[in-house]
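Throughout, a chain's letter reflects where its sequence line sits, starting with A, and its residues are numbered from 1.
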Amino acid sequence: MRNKICEELNTSDIGKSVDLCGWVDRRRDHGGVIFIDLRDHSGFLQLTFNPEDGETIFKRAESLRNETVIRVSGIVNKRPIESINPNLSTGKLELNVKELIILNQIKGNLPFPVSIHDYENTKEELRIKYRYLDLRRGKLINNLKTRHKIIKVAREFLDLKGFTEVETPLLTKSTPEGARDFLVPSRLSKGEFFALPQSPQLFKQLLMIGGLNKYYQIAKCFRDEDLRADRQPEFTQLDIEMSFINEEQIIEFNEKLIKKIWKEVLNIDLDRNFPRMTWKEAMKNYGTDRPDTRYEMLLKDVGNILGEIGFNIFTKAIKNGGSIKCITVKNGNSKISNVRIKPGGDIFQVAQDAGAGGLAFIKVKENDIETIGAIKNNLNESIISKLLEITSAENGDLILLGAGKTEVVNQSLDRVRQYIAKELNLIDVNKRWNFLWITDFPMFEKNEDENRLEALHHPFCCPKNITIKDSNDDEDLLEKSTAQAYDLVLNGLELGGGSIRIHESRMQKEILKKVGLSDEEIKEKFGFLIEALEMGAPPHGGIAFGLDRITMLILGEDSIRETIAFPKNQQSKCLLTDAPSNVSNSQLKELDIEITIEE
RNA sequence: GGGACCGUAGUUCAACUGGUUAGAGCACCGCCCUGUCACGGCGGAAGUUGCGGGUUCGAAUCCCGUCGGUCCCGCCA
């Protein structure tokens, strides 16, 4: 059909006869001469039509519209010097068309313009509904190519290190805890359901037990939860697992993998080792387990300074076992107006939205401080000087304080910190790729509402420095234990996480009991795992990266939808196919399923 | 489940504090134009202002409801 593509053409083709196919990107009809920008997957070439070439072909050329699909044959000509277009790789050339075949025409108006010159703020609703048109604009295709390259580099790297890519089932078992499952009924098992995997977690462990040694998978995962800019109901993990390995080895290995991807895809050398921070440090200094360390404003605990000054909110916080913490905004007094940090102000609101009762402030001035009377009346010089010492606050700085339950104080100050960093442009642009390992997660956290323990990572993480014998002797020891778990954080975003897994059946049973499962439930839901662990399971561990997020960050996009060919909208619907949708009664009957919602 | 913002021609936007017949660019249709490249010129068609209700002499504009979209909270082992 064609013997050339646009990007292949250069001045050595001048005088040659070529056949090209593509879309009409734009047409410029001068009456006498018609210019068409031909676009194919590789680039552009200007076509010219002259009346002297015959009435039939000229008439046909006049009928061309944007996005008409054509095949053209002609002679590659050198453009006159004054007509060279320096913005085009084929700008010195043009094709004088001798034969024009219209392969497909467009019907009516397009839902939005495709030509890159019209690239405007097209509503995303339309871009997703007519994804094939948006793809034709090129940017998304480039994003998909970058995504492809990331996967390719990872595959090559892992292959070279002796890993085997294995596909695990999509039709699998619904598991308790975690996210909501997508359920799949089956005609052969009426009344029963498969679940789509939230991750291949247990299967990759079983592969280790099977002696595969090194596994990876570009794995589709499914979670029926609400969506965000960085969360889709189906997403992709780069999933990795290894046997006879410890935490340190996994971290070092995956750091190499990430560095390789950044080098091959972006040509960026991440030469220094990624810094590490324990979960405790992260919570203490940043109030979150995925801190953005590109800027300062660390959280400081001022409970022992302000807890007993007599200000009721502070006193109560400490008395109830909570915290008083603060962040210091350098030169905040001039950069942030009073109304913003008082009730009704945007910064105050951020703190309150995060659950805090409010946000207190202390403005540091020359030889004085400014704050609300209820606080100021209770301060003396020694307290102030201690406060200034611990916060390193100087004249002009603004101290923002939170008091109450530690989790709430952490969460609200974390949000305020992030908000202010964005508002005041405090993010260090030189730290564009600020990777950080978070380690030493606790095994469990308390679910206050239901008064029970939940696995912080998942209940297959192996606790650190503790044996099943220890835990039998001291229940508390296990509950307060640290997991051999680690997360990779980039600029405040979780890129991936993993752990050393439990390879001992008795420990696995203990942990599952701790998160509230009965013996029966353990047997029913995880019997196959417990059994497998009893048959010579090797120590093993691994990690899973969010491939969509990695791609998003590498591309500098704000949403993973820009990295996915056919994404869902925020209501979890596919606007292109209108899925999910109704099914016929006969389909339902075959599954013995009845719809009870009323129309 | 909750909060915020948005919805005007095929499309991207405009329309003052509620006030004439809701405008413009691109696209579309017609005519003109032989070197443009986001070509240019003249003319034309194109609107249930998402939908429904209310306030008003008068609503794209204000109010209520509803539908759709985006961002966020909850949720996401």
Nearest-neighbour nucleotide for the A:Asp226 side chain, B:U70, B:C29, B:C75 considered: B:C75
Salt-bridge test for A:Asp346 and A:Arg340: reply yes if a basic N is under 4.0 Å from a carboxylate O, no otherwise. yes
May I ask you to say what A:Glu67 touches in the nucleic acid, namely base, sugar-phosphate or nothing, with a heavy-atom cut-off under 4.0 Å? nothing
Side-chain donor or acceptor of A:Arg26 under 3.5 Å from a matching atom on the base of B:C26? no
A:Arg65 has its side chain closest, among B:U34, B:C76, B:C29, to B:C29
When you compare the ring of A:Phe112 with the six-membered ring of B:U11's base, are the centres less than 5.5 Å apart and the planes under 30° from each other? no
Distance check, rounded to the nearest 0.5 Å: A:Phe528 atom CZ versus A:Leu202 atom CG? 5.0 Å
B:A14 versus B:C6 - spacing of their P atoms, nearest Å: 11 Å
Below the 4.0 Å mark, does B:G40 have OP1 or OP2 next to a side-chain nitrogen or oxygen of A:Arg27? no
Does A:Glu454 reach a base, just sugar-phosphate, or nothing at all? Heavy atoms under 4.0 Å. nothing
Of the nucleotides B:G69, B:U34, B:C71, which has the atom closest to the A:Ala229 side chain? B:C71
What does A:Ser199 touch in the nucleic acid at a heavy-atom separation under 4.0 angstrom: a base, only the sugar-phosphate, or nothing? base
Regarding the side chain of A:Arg231, the nearest nucleotide among B:C28, B:C75, B:U36 is B:C75
Under 3.5 Å, is there any donor-acceptor pair linking the side chain of A:Arg127 to the base of B:G69? no
Base, sugar-phosphate alone, or nothing: which one does A:Arg79 contact when heavy atoms must sit under 4.0 Å apart? base
Ring geometry between A:Tyr486 and A:Trp437 (parallel below 30°, tilted from 30 to 60°, perpendicular above 60°): perpendicular
Evaluate whether the aromatic ring of A:His30 and the six-membered ring of the B:C33 base sit under 5.5 Å apart, centre to centre, with an inclination under 30°. no
A:Asp226 with A:Arg231: basic N within carboxylate O range, under 4.0 Å: no
For a quick check of understanding: with a heavy-atom distance under 4.0 Å over all strands, which category does A:Pro111 fall into, base, sugar-phosphate or nothing? sugar-phosphate
Name the nucleic acid region contacted by A:Gln571, choosing base, sugar-phosphate or nothing; use a 4.0 angstrom heavy-atom cut-off, strictly under. sugar-phosphate
For A:Lys123 and for A:Gly91, locate the closest nucleotide of RNA chain B by heavy-atom distance; then report the residue assigned to the nucleotide nearer the 5' terminus. A:Lys123
Which nucleotide in B:C76, B:A27, B:U11 has an atom nearest any side-chain atom of A:Pro113: B:U11
Check if the side chain of A:Glu94 and the base of B:G35 share a donor-acceptor pair of N or O atoms closer than 3.5 Å. yes
Evaluate the criterion ring-ring contact (aromatic ring centres under 6.0 Å, His included) for residue pair A:Phe566 and A:Tyr132; output intermediate values, then yes/no. CA-CA 9 Å; A:Phe566 299 101; A:Tyr132 39 89; 8.5 Å; no
Among B:U34, B:C28, B:C39, which nucleotide sits nearest the side chain of A:Asn50? B:U34
Counting distance alone, no hydrogens or angles: does the base of B:U70 have a donor or acceptor under 3.5 Å from a partner atom on the side chain of A:Glu125? no
Of all the choices, B:G35, B:U70, B:C75, which nucleotide is nearest to the side chain of A:Gln570 once you look at every atom? B:U70
Any base atoms under 4.0 Å from A:Arg180, or only sugar-phosphate, or nothing? Heavy atoms, all strands. sugar-phosphate
Considering only heavy atoms from C-beta outward, does the side chain of A:Ile106 approach that of A:Glu67 to under 4.5 Å? yes
Interatomic distance, A:Asn121 CG vs B:C13 C1' [rounded to whole Å]: 10 Å
Candidate nucleotides B:U34, B:U36, B:U12, ranked by approach to the side chain of A:Val33 - the nearest: B:U34
Measure CD/A:Gln349 against C1'/B:C5 and give the value in whole Å, please. 15 Å
Under 4.0 Å between any heavy atoms, over every strand shown, what does A:Gln411 touch: base, sugar-phosphate, or nothing? Just pick one. sugar-phosphate
Taking OP1 and OP2 of B:C37, is either one under 4.0 Å from a side-chain nitrogen or oxygen of A:Asn87? no
Along RNA chain B (nearest heavy atom to each residue), the more 5'-positioned of A:Glu82 and A:Asp29: A:Glu82
State the pairing partner of B:G58; accept Watson-Crick or G-U wobble contacts with both distances under 3.5 Å, and report none otherwise. none
Would you mind reporting whether A:Ile70 and A:Leu47 have side-chain heavy atoms less than 4.5 Å apart? yes
Answer with base, sugar-phosphate or nothing: what part of the nucleic acid does A:Leu88 contact at a heavy-atom distance below 4.0 Å? nothing
So what does A:Ile34 hit on the nucleic acid, given a heavy-atom distance under 4.0 Å: a base, only sugar-phosphate, or nothing? nothing
